[in-house]
Asks: 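Take this structure first; my questions come after.
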Amino acid sequence: MQAWGTVVVTLATLMVVTVDAKIYERCELAARLERAGLNGYKGYGIGDWLCMAHYESGFDTAFVDHNPDGSSEYGIFQLNSAWWCDNGITPTKNLCHMDCHDLLNRHILDDIMCAKQIVSSQNGLSAWTSWRRHCSGHDLSEWLKGCDMNVKIDPKIHP
């Protein structure tokens with residue numbers, strides 16, 4: 001009977017996450033990131049953030065990816081449970097002091113605050129393999145095409 005209760009609680013939790021999740025449209029996310037102060041943050045423009053988020057999660061706040069080492073990555077920026085959040089399962093440093101499941105809803109300010117912390121490290125956006133592989137050194141203006149944005153680019157980072 002206790003197992004049945006666990007199944008019901010798990011399903012209820014998943015339903016809440018699913019109901020509150022969101023797959024952002026590109027320009028909608030660009031505006032949200034700009035309002036949160038990411039345009040020019042540590043020398044990275046909104047195009048950098050959009051490119052990275054696209055390759056990490058497809059702009060899906062509910063995306064979870066499981067790694068061979070047992071850790072998982074959560075949310076729109078795919079923040080890792082070994083370092084940035086606590087999923088209650090795997091050992092963690094929890095450097096952003098948050099529950100990983102809080103990264104799976106449409107309210108991405110907590111995701112953004114954690115990503116800012118990561119980008120403030122010496123690695124910057126290079127902390128994300130997808131950014132290094134798909135975005136770094138590329139013309140990112142296409143990511144903002146059709147969006148009503150003022151673009152900031154740091155020529156030291158983006159020659």
Side-chain angles (χ1 to χ4, degrees), residues 13-90 92-121 123-136 138-153 157-158:
T13 302
L14 289 174
M15 287 173 46
V16 168
V17 167
T18 304
V19 169
D20 199 29
K22 179 177 179 82
I23 299 174
Y24 276 85
E25 295 295 325
R26 181 178 50 85
C27 289
E28 177 189 19
L29 181 59
R32 181 71 184 94
L33 298 175
E34 183 178 43
R35 280 194 310 273
L38 289 181
N39 197 5
Y41 186 77
K42 300 294 181 184
Y44 298 100
I46 297 298
D48 289 291
W49 293 97
L50 289 173
C51 181
M52 180 269 285
H54 168 78
Y55 286 104
E56 287 292 331
S57 68
F59 306 145
D60 184 351
T61 65
F63 191 72
V64 178
D65 193 21
H66 303 286
N67 298 317
D69 68 0
S71 69
S72 297
E73 296 177 351
Y74 293 82
I76 202 159
F77 299 129
Q78 289 295 277
L79 303 175
N80 189 282
S81 63
W83 293 98
W84 306 109
C85 61
D86 185 0
N87 65 6
I89 300 167
T90 55
T92 181
K93 300 274 185 202
N94 196 8
L95 296 172
C96 288
H97 311 290
M98 64 190 316
D99 187 312
C100 294
H101 291 89
D102 290 343
L103 298 166
L104 300 178
N105 59 44
R106 69 179 52 239
H107 309 289
I108 62 169
L109 188 56
D110 49 359
D111 307 54
I112 291 169
M113 297 307 291
C114 186
K116 280 182 166 182
Q117 183 175 336
I118 296 167
V119 168
S120 295
S121 74
N123 293 330
L125 273 175
S126 292
W128 283 271
T129 304
S130 64
W131 182 82
R132 288 193 317 266
R133 195 174 289 151
H134 302 286
C135 313
S136 178
H138 291 84
D139 176 6
L140 302 175
S141 61
E142 287 294 314
W143 289 102
L144 298 171
K145 221 171 215 154
C147 304
D148 187 21
M149 304 276 310
N150 294 317
V151 181
K152 293 180 184 174
I153 296 177
I157 293 177
H158 304 285

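Along the sequence shown, residues carry numbers from 1.
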Asks: With rounding to the nearest 0.5 angstrom, report the OG1 to CG distance, T61 to D20.
Replies: 7.5 Å
Asks: When the ring planes of W49 and W128 are compared, do they come out parallel, tilted or perpendicular, using 30° and 60° as the limits?
Replies: perpendicular
Asks: Kindly say whether S136 contributes a backbone atom to a donor-acceptor pair with the side chain of H138 at under 3.5 angstrom?
Replies: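 Between the backbone of S136 and the side chain of H138 there is a qualifying donor-acceptor contact (under 3.5 Å).
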Asks: Tell me whether R26 contacts the main-chain N or O of W143 through its side chain, where contact means a donor paired with an acceptor under 3.5 Å.
Replies: yes
Asks: To the nearest 0.5 Å, tell me how far D65 CG sits from S57 OG.
Replies: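 One finds 10.5 Å between CG of D65 and OG of S57.
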Asks: Let me confirm one number: the SG-CD1 distance from C96 to I118, rounded to the nearest 0.5 Å.
Replies: 5.5 Å
Asks: May I ask you to check whether D139 and S141 show a side-chain donor-acceptor distance below 3.5 Å?
Replies: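 The criterion, which ignores hydrogens and geometry beyond distance, is satisfied for S141 and D139.
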Asks: Any donor-acceptor pair under 3.5 Å linking the side chain of R132 with the backbone of S126?
Replies: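 Such a contact is found between R132 side chain and S126 backbone.
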Asks: To the nearest 0.5 Å, what is the distance between CG (D48) and NZ (K42)?
Replies: 15.0 Å
Asks: Hey, which of L79, N80, V64 is the one that makes side chain to side chain contact (heavy atoms under 4.5 Å, CB included) with E73?
Replies: N80
Asks: Supply the atom-to-atom distance W83 CH2 to C114 SG, rounded to the nearest 0.5 angstrom.
Replies: 13.0 Å
Asks: May I ask you to check whether over 12 heavy atoms, not counting those of E25, lie within 6.0 Å of atom CD?
Replies: no
